[in-house]
Amino acid sequence: MHRLSRRVGGYLILIVLLFLVPVGTRDPYYLYTAYRIFLLIIMAVGLRVTMTTGQVSFAHAAFMAIGAYSSALLVMRVGLSFWLALPLAGIIAMVVAILIGFPILRLTGVYFFLVTFAFGTVVMLIITNYWRDVFGGTQGLLNIPVPDPLAIPGLPPLEFTTMTPFYYLGLMVMIIMILFAVRLDRSRFGRVFRAIRQQDALAQSVGVNLFSYKMLGWAIACFFAGIAGSLFSHMHKVITPGDFTIQLAVYCVVYVIVGGEHKVSGPILGTALLCLVAEYLRGFGPIEPLAYGVALVLVIVFMPQGILGILPRINAWLGNLWPGPSQGVSNNDTTGA
Amino acid sequence: MDFGLFVQLLVNGLLLGAIYGLVALGLTLILSILDSINFAHGDMFMLGGVVIYAFFAQFAVKQLHLPLIPTYLLSMVLAMGLVGLLGVVIEIGIFHPFIGKHLQGVILTLGLGLVIQTVTLMGLGTVDKGVPSPFPGIVSWLGASVALERIVAGILAVGLVIGLWYYIHGTKVGLAMRAISQDREAAALQGIHMRRICAIGFGLGCALAAAAGVLMAPIAFVNPFVGEAWLMKSFIIIIVGGMGSIPGSLLAGFLLGLIESFGSFFFSIHTATVLSFSLVIIMLLLRPRGLLGHA
């Protein structure tokens, strides 16, 4: 109990610090970078949900694009408020995921990677080359409106004119999505997901309907991507197909793998760390993909459980300074966070 | 539609399909022997093109003024050898412990692909590089006119596939490969040298991709990212053709070539790609094991 409260305390301090960042700096560069990392964390945490059932998707960027384009079009063409378009973007991405899920979720392992890779490419191809009057072709969509001002009782209305309100928007949505993911992980569904991943046939033999659980995980993952897409489009105000490349999809997988996928904190750590490193390396030419490539190889060869796998060792080394678990993480504990 | 045009589209489709088949075959070979997908396969294709650009176009032809055709064929052997060697080194050095571990294998090769791409980008730059055609000219037949280089490329691709077929069905190493693809443990119990066969298989798969890159270099162009489209096409082919089936890969390669040839004439190249992906979805719904795959 003591350890739990200490851990929750640690997370609370972290959240309070994150809330205080715009007080310390109003530099749009830092706030923008933070916003981007929040979105990628939403993506990676979402992707991890379907990865826990053993299905790794290389179409995650395409589902982010589906969310981004549907949210922008809902606001620009239909005239909906951003606050309605945000959840709808997630739901639209989820509906597309369910439709395509019927044929492709029968596949497992490598075959699933292949078909999601192809699907992601085809979605981007369609957005780039068809219905140009709707999707805008390679030019994409311009002049996407920012979110409507948000009236919070007791506070002045939040106008989305500077980076600061976007920072808080991204942070809030990210925290909600992470809490949802943690809750899911600790629920019956989360346990079934892990069972499927470990022993497909065994889970099936005790009466688990594999297909519907895989579908559930897949739909939730794509919902996350849609939400991230919507947040992306209304902050950038311009979206083009080039924002959602297959490379982004690959990076999302990288974030989860490098962080470690057996807990929600894995993708969060992986995304934050790799994004900060990439941001630092940006000045040195095309070294970012090289660094990612080397990181991937090293992690796979030397750290099979990602950063999460070496945390206990760092923890022991620091003398239990880290507010995380202090014992082995490989035994599939149900704590999730 | 007049007959000449039909013949032209048919021949173009089949010739392109032969090269698609060749690339996909390399991937199929690795999949059946190592039970893993090589996500750096497209980059091996690209490296084939880079070798032909660096050695054939820049060095042998520009500097030494060597005759085109023999140099081209020699460069092809060189490209296959170098890339094949790279494949062997990768397999022995890092890949071997991850045989059969699908996700790890994919992530590892993804990482390697990123490294290969970036290193090539640093050496080559982003500008598309052209390679002179060793077989200039156009062949006219039955009202169709097809570039000679495409015909030669198609014939060489089919020749390589036939060669591979004989290698797999006629040599002891090929027999070992087939044994491993059927049952890994049983093959090991029979005394098959697993490490050696796996390394040869991986190298051979990469060499085939490089050969296709060499064949495509004069027809298209070379840049560090050409491999991506080919990787995706190989994925489509091996799903449609049936995982691990060599005739299936070739058949699906031809099918994809024809869809692209006719699809891009009647609609557009994008519609052709969407059509070929629709074929994947239809296959998955109707016949998940692929055209010639076994359950």
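All values reported here derive from a predicted model rather than from experimental measurement.
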Participant: Would you call A:Tyr130 and B:Val274 a side-chain contact if the rule is heavy atoms closer than 4.5 Å?
Facilitator: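 They are in side-chain contact.
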Participant: Counting only non-hydrogen atoms closer than 4.5 Å, does A:Gln55 touch chain B with its backbone (N, CA, C, O), its side chain (CB onward), both, or neither?
Facilitator: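 Contact with chain B involves no heavy atom of A:Gln55 at all.
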Participant: Rounded to the nearest 0.5 Å, what separation is found between the OG1 atom of A:Thr121 and the CZ atom of B:Phe277?
Facilitator: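 The distance works out to 8.5 Å.
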Participant: Less than 4.5 Å apart, any side-chain heavy atom of B:Met232 and any of A:Val122?
Facilitator: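 Touching, per the 4.5 Å side-chain cut-off.
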Participant: Between A:Phe119 and B:Ile281, is there a side-chain heavy-atom distance shorter than 4.5 Å?
Facilitator: no
Participant: Checking heavy atoms, do the side chain of A:Val301, its backbone, both or neither come under 4.5 Å from chain B?
Facilitator: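 Both parts, backbone and side chain.
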Participant: Tell me, yes or no, whether the heavy-atom count around A:Tyr280 atom OH, taken from other residues, nucleotides or ligands under 6.0 Å, exceeds 12.
Facilitator: no
Participant: Restricting to side chain to side chain contact (heavy atoms under 4.5 Å, CB included), what partner residues turn up for B:Ser36, sequence neighbours left out?
Facilitator: B:Leu34, B:Phe95
Participant: When A:Ile300 is tested against each of B:Ile94, B:Leu110, B:Leu108, B:Val106 for side-chain contact (heavy atoms from CB on, under 4.5 Å), which residue passes?
Facilitator: B:Leu108
Participant: Within the structure provided, determine whether A:Phe117 and B:Phe39 are in side-chain contact (heavy-atom separation under 4.5 Å).
Facilitator: yes
Participant: Any side-chain heavy atom of B:Val119 within less than 4.5 Å of one from A:Leu290?
Facilitator: yes
Participant: To check you understand the geometry: which heavy-atom pair defines the closest contact between A:Leu125 and B:His270, and what is its length?
Facilitator: CD2-O, 3.5 Å
Participant: Would you mind checking which part of A:Phe112 comes under 4.5 Å of any heavy atom in chain B, side chain (CB onward), backbone (N, CA, C, O), both or neither?
Facilitator: neither
Participant: Among B:Thr271, B:Leu112, B:Asp35, B:Val280, which residue forms the greatest number of heavy-atom pairs with chain A at distances under 4.5 Å?
Facilitator: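 The candidate making the most pairs under 4.5 Å is B:Thr271.
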Participant: Need one label for B:Val115: side chain, backbone, both or neither, based on atoms under 4.5 Å from any heavy atom in chain A.
Facilitator: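 Both backbone and side chain of B:Val115 come within 4.5 Å of chain A.
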Participant: Within a strict 4.5 Å, meaning less than it, do heavy atoms of the A:Ile257 and B:Gln104 side chains meet?
Facilitator: no
Participant: Going by side chain to side chain contact (heavy atoms under 4.5 Å, CB included), name the residues that satisfy it together with B:Asn223, two or more places apart in sequence or in a different chain.
Facilitator: B:Asp128, B:Phe221, B:Phe225, B:Val226
Participant: Taking side chain as everything from C-beta outward and backbone as N, CA, C, O, which of these in B:Ile116 sits under 4.5 Å from a heavy atom of chain A? Side chain, backbone, both or neither.
Facilitator: neither
Participant: Looking at B:Ile236 and A:Ala118, what are the two nearest heavy atoms and their distance?
Facilitator: CG1-CB, 4.4 Å
Participant: For the candidates A:Leu298, A:Val115, A:Val294, which exhibits the highest count of non-hydrogen atom pairs separated by less than 4.5 Å from chain B?
Facilitator: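 Ranked by contacts with chain B, first place is A:Val115.
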Participant: Counting C-beta onward and ignoring hydrogens, is there a side-chain heavy-atom pair between B:Leu114 and A:Gln247 closer than 4.5 Å?
Facilitator: yes
Participant: Would you check if A:Val56 and B:Ile107 make a side-chain contact, meaning some heavy-atom pair closer than 4.5 Å?
Facilitator: no
Participant: Looking at A:Val297, A:Leu114, A:Val250, which has the largest count of heavy-atom pairs under 4.5 Å with chain B?
Facilitator: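 Between A:Val297, A:Leu114, A:Val250, the count favours A:Leu114.
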